[in-house]
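Small disclaimer: the values here were computed from a predicted structure and weren't measured. Computed from heavy atoms alone, side chains included, the values below leave out hydrogens, waters and symmetry copies.
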Amino acid sequence: MALIDCPACGKRISDKAKTCSHCQVVLDGDSDKIESAQRIATINKKTQLMNHSFLALLAFVGGFALWFWGGEQAANWRKPVGIGMMAVGFVGYLVTRVRIALNKRG
């Protein structure tokens, strides 16, 4: 018994397995099902990355709004929380965009 890569998700499975234990693709040699599972996995990964990008951007805008709520800079607890949210959102957005670019490459 040897370990092989699943043709659909790329995770390690037994060569004797009839289905992948990770993505549930039937390994009967039907290439159409495997290609379809690969496309679905790619779409799910892209969707997940776009959602992360949106949440990071939302955190950045939310921090900015919290800091400048009412037209003036906050001087109480809103200032550090707003700056922290902006920083986390900005860094998260940049990291996610790099992940999206790397996902498109490979």
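Taking the six-membered ring where tryptophan is involved, the planes of F68 and F64 are tilted, since the angle between them lies from 30° to 60°.
Distance check: Y93 OH to T96 OG1 gives 9.0 Å after rounding to the nearest 0.5 Å. Atom OG of S53 is separated from atom CG of L94 by 9.5 Å, given to the nearest 0.5 angstrom. From T42, atom OG1 reaches atom NZ of K104 across 13.5 Å, with rounding to the nearest 0.5 Å.
In the hydrophobic clustering of ILVMFWY residues, with side-chain heavy atoms under 4.5 Å counting as a link, M85 and W77 come out together. When the side chains of ILVMFWY residues are joined at heavy-atom separations under 4.5 Å, either directly or via intervening members, M86 and F90 end up in a single hydrophobic cluster.
Residues G82 and L66 approach most closely at N-CD2, 3.9 Å, considering heavy atoms. Taking all atoms of both residues into account, the shortest heavy-atom contact from L49 to I100 is CB-CG1, 3.6 Å. Nearest heavy-atom pair, C23 versus C6, reported as atom, atom and distance to 0.1 Å: SG-SG, 3.8 Å.
The shortest distance between side-chain heavy atoms of I13 and L3 does not fall below 4.5 Å. Between W67 and K79 there is a side-chain heavy-atom pair separated by less than 4.5 Å. You'll find the side chain of R99 stays beyond 4.5 Å of the side chain of N103, heavy atoms only.
A salt bridge links R12 and D5; the closest N-O separation between the charged side-chain nitrogens and carboxylate oxygens is under 4.0 Å.
A donor-acceptor contact shorter than 3.5 Å links the side chain of T47 to the backbone of I43.
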